[in-house]
Amino acid sequence: MIEVEERESKGLVGHSKYTRNNPFLSTVRVNELQTAAGSEKETRHIELTLDEGMIYTPGDSAGILPENRAEAVAEILALLGFRGDDRVLDHYKAEISLEEALRTRLGIGKLTRGSLKQYAKLVPAGSTLEGGLKGLVGPEHKAEAEEYCWGREFVDLVTAFPGVVTEPQQLFNVLPRLVPRLYSIASSQRLHPDNVQLTVRVIRYESHGRQRQGVASGQLGERALVGTKLPIFLHDNANFRLPEDTSAPVIMVGPGTGVAPFRAFLEERQATGQTGDNWLFFGEQREKLDYLYREQFQAMHKDGLLTRLDTAFSRDQPEKIYVQDRMREHSAELFEWLERGAYFYVCGDAIRMAKDVEVTLLDAIAVGSHGTLDDAAEYLAAMKKQKRYQRDIY
Ligand SMILES: Cc1cc2nc3c(=O)[nH]c(=O)nc-3n(C[C@H](O)[C@H](O)[C@H](O)COP(=O)(O)OP(=O)(O)OC[C@H]3O[C@@H](n4cnc5c(N)ncnc54)[C@H](O)[C@@H]3O)c2cc1C
Ligand SMILES: NC(=O)c1ccc[n+]([C@@H]2O[C@H](COP(=O)([O-])OP(=O)(O)OC[C@H]3O[C@@H](n4cnc5c(N)ncnc54)[C@H](OP(=O)(O)O)[C@@H]3O)[C@@H](O)[C@H]2O)c1
């Protein structure tokens, strides 16, 4: 593996023959639980090998092509009354076994309205099943269909409405494609030339009387042990980048797995001796159980790489404390950093956290600049234009 600088000078950066349609068969070299026993989370640190020429920049993500669980596939086969070695044509008309199709090509996890619609089309007119499915299809039943799909998978549909799929090939009309999952890269390639590191929260939940798990995160949590092969590719994200000016301060807000790209940013700044100040806001449920990369971040703080390290452990006291509460406590200093040209980054939960953080940021700007919230919105718009407000939220 040649050095990053050498590859940059050869113009190799960002180029690789591997894509989502032609992934690299990587080997899992580390798969470690980050959260402690007793945590409500299961968050893992994963390291995957790379091939020559696979280059990433902090801010990029890695795509994993997951596989459905063998037990889930076997259950579907049994319910449908098909054999795993039945032959089908995949999306590119290549002949494969039905078992391979259900394991690697078709989304048998989370149920979609599209699947309900296609499934209902297969029900013969006059069948006793027609009535039950009718109330779940068509634009007038969107709400009912969404409610039905929530927390259900294909196995629930086949159990509730059996005998509908009569030919294995019909499954390609009913089920969506099994698509890759993206994970923010948590490492700098300058420190780890031959591998990429990820921070993955394993999704497990119970619904409608069944234990469920996320397809990709469940695989990483249970089956992708060290030595296992996984098809992966690198995904460029030019909209989430450290400042070109290596002396510019950066403020990073990354609760939960949202901290992943900031570990990459900090490693990169460390490896290249960038002089800009760094401020990290990290949040999780409990300090003792859920503090991701605690030792590394504390060492970076001690060494001065992390100028400021503020944590918010939401469940260590009766009232919730979130990253935005820490921002509020230090809003004068935060505004002072912005005035010094700081870049502000947010990563993690798109639905609640990112919005709340933006509201708090606007407040800090309004108070700091003695202006109105409208003035603050203009200030933030100008920051966006200068690429000084970047978000990677999901
Ligand atoms: C750019 C980007 C970066 C990302 N970075 C990271 C990262 O660094 N780390 C990380 O862990 N993830 C990250 N993600 C999310 C990741 O891509 C996957 O979406 C995630 O791991 C879930 O995939 P899965 O296959 O395990 O779950 P899936 O099989 O896709 O299942 C997830 C679905 O399960 C359902 N579900 C979940 N919980 C419940 C519940 N309690 N009740 C009912 N239904 C439920 C929801 O519909 C949810 O959408 C990122 C996403 C993007 C787009
Ligand atoms: N698409 C997917 O299927 C998928 C898969 C994995 C992760 N995710 C998403 O990725 C994000 C990160 O997940 P994660 O489990 O690592 O962390 P998370 O759920 O974001 O939790 C991290 C910390 O943020 C806190 N928090 C909750 N609401 C908040 C808010 N409004 N503002 C600020 N902080 C808030 C949590 O506190 P409390 O829990 O105590 O409230 C916890 O302390 C979440 O959006 C999660 O749903 C999505």
Side-chain angles (χ1 to χ4, degrees), residues 1-2 4 16-37 39 41-73 99-100 102-105 107-109 178-204 212-237 256-264 267-268 290 292-296 347 394:
M1 182 66 60
I2 51 177
V4 178
S16 164
K17 60 184 171 185
Y18 299 112
T19 61
R20 62 180 63 208
N21 293 322
N22 176 35
F24 170 60
L25 207 54
S26 168
T27 304
V28 178
R29 39 167 272 172
V30 174
N31 184 342
E32 276 172 6
L33 187 62
Q34 281 263 309
T35 40
S39 171
K41 299 278 179 82
E42 178 183 339
T43 306
R44 310 191 75 90
H45 174 77
I46 313 272
E47 298 185 9
L48 303 169
T49 60
L50 293 178
D51 197 14
E52 192 91 10
M54 290 182 84
I55 313 286
Y56 61 84
T57 303
D60 288 347
S61 42
I64 293 185
L65 279 75
E67 284 195 3
N68 289 306
R69 271 185 296 171
E71 310 84 75
V73 170
E99 185 278 333
E100 186 178 355
L102 286 169
R103 188 167 40 81
T104 66
R105 308 287 208 278
I108 58 173
L178 182 57
V179 291
R181 281 15 178 206
L182 290 180
Y183 294 94
S184 307
I185 292 176
S187 51
S188 160
Q189 203 165 15
R190 294 180 196 272
L191 294 187
H192 315 281
D194 63 353
N195 69 87
V196 65
Q197 308 188 352
L198 313 175
T199 315
V200 177
R201 187 184 115 205
V202 180
I203 296 187
R204 293 181 202 277
R212 326 253 176 184
Q213 54 177 255
V215 174
S217 63
Q219 183 175 2
L220 290 164
E222 259 174 37
R223 289 166 285 139
L225 307 177
V226 172
T228 310
K229 300 275 188 193
L230 277 182
I232 70 161
F233 60 92
L234 298 173
H235 181 81
D236 189 75
N237 183 4
T257 54
V259 81
F262 303 134
R263 179 177 181 265
E267 285 193 353
E268 180 83 1
D290 308 305
L292 308 177
Y293 305 111
R294 175 208 295 262
E295 279 166 26
Q296 191 175 3
C347 181
Y394 46 89

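Note: hydrogens, waters and symmetry copies are ignored here, and every other heavy atom, side chains too, is used.
- No side-chain donor-acceptor contact under 3.5 Å links Asn237 to the backbone of Ser61.
- Using a 4.5 Å heavy-atom cutoff, the side chains of Pro23 and Ile232 are not in contact.
- Between Ser188 and Ala264, the closest heavy-atom pair is CB-O, 3.9 Å.
- The nearest pair of heavy atoms linking Leu198 to Tyr293 is O-OH, 3.9 Å.
- For Val202 against Gly221, the heavy-atom pair with the smallest separation is CG2-CA, 3.7 Å.
- Of the inter-residue distances, the one linking Leu25 atom CG with Asp51 atom CG reads 10.5 Å to the nearest 0.5 angstrom.
- The ring-ring contact (aromatic ring centres under 6.0 Å, His included) search around His235 returns none, not counting sequence neighbours.
- Side-chain atoms of His45 and Arg263, non-hydrogen and from C-beta on, do get closer than 4.5 Å to each other.
- Taking 4.5 Å as the limit, some side-chain heavy atom of Leu220 sits within range of a side-chain heavy atom of Leu230.
- Taking Phe233 as the reference, nothing meets the ring-ring contact (aromatic ring centres under 6.0 Å, His included) condition, with sequence neighbours excluded.
- Identified under the salt bridge (Lys or Arg N to Asp or Glu O under 4.0 Å) test for residues 215-231, with sequence neighbours left out: Arg204-Glu222.
- Remark: the backbone N or O of Leu292 is not paired with any side-chain donor or acceptor of Gln34 at under 3.5 angstrom.
- Atom CD1 in Ile46 sits 12.0 Å away from atom CG in Asn195 (nearest 0.5 Å).
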Side chain to side chain contact (heavy atoms under 4.5 Å, CB included) between Leu102 and Ile108, intermediate numbers included: CA-CA 7 Å; Leu102 286 169; Ile108 58 173; 3.9 Å; yes
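- For the atom pair OG of Ser217 and CD of Glu42, the computed distance is 8.5 Å after rounding to the nearest 0.5 Å.
- Minimum heavy-atom separation, Thr43 to Arg201: OG1-CG, 3.9 Å.
- With hydrogens and angles disregarded, no donor-acceptor distance shorter than 3.5 Å links the side chain of Thr199 to the backbone of Thr257.
- Of all heavy-atom pairs between Pro66 and Pro180, the closest is CD-CA, 4.1 Å.
- Ring-plane geometry between Tyr18 and Phe24 is classed as tilted, the angle between the planes lying from 30 to 60 degrees on a 0 to 90 degree scale.
- The backbone N or O of Arg44 lies less than 3.5 Å from no partner atom in the side chain of Asn31, so there is not a single donor-acceptor pair.
- Between the side chains of His192 and Glu267, at least one donor-acceptor pair of N or O atoms lies under 3.5 Å.
- Side-chain atoms of Thr49 come within 3.5 Å of backbone atoms of Thr27 as a donor-acceptor pair (strictly under, hydrogens ignored).
- Using a 4.0 Å cut-off between charged nitrogen and carboxylate oxygen, Arg105 and Glu100 count as a salt-bridge pair.
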One pair to check against side chain to side chain contact (heavy atoms under 4.5 Å, CB included): Asn68 and Val215. What are the steps and the verdict? CA-CA 6 Å; Asn68 289 306; Val215 174; 3.7 Å; yes
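- Between the NZ atom in Lys17 and the CE atom in Met54 there is a gap of 10.0 Å [rounded to 0.5 Å].
- Of the possible polar contacts, none joining the Asp290 side chain to the Ser39 backbone as a donor-acceptor pair under 3.5 Å is found.
- Between Phe262 and Pro58, the closest side-chain pair of non-hydrogen atoms is not below 4.5 Å.
- Residues Asp60 and Val196 have side chains not in contact (no heavy-atom distance under 4.5 Å, counting atoms from C-beta outward).
- A donor-acceptor pair under 3.5 Å is formed between the side chain of Gln189 and the backbone N or O of Tyr56.
- For the pair Val30/Gln197, no side-chain contact is recorded, criterion being any heavy-atom separation below 4.5 Å from C-beta on.
- Remark: Gln219 CD to Arg69 CZ distance equals 11.0 Å, nearest 0.5 Å.
- Minimum interatomic distance between Glu67 and Thr104 (heavy atoms only, all atoms of both residues): OE2-CG2, 3.7 Å.
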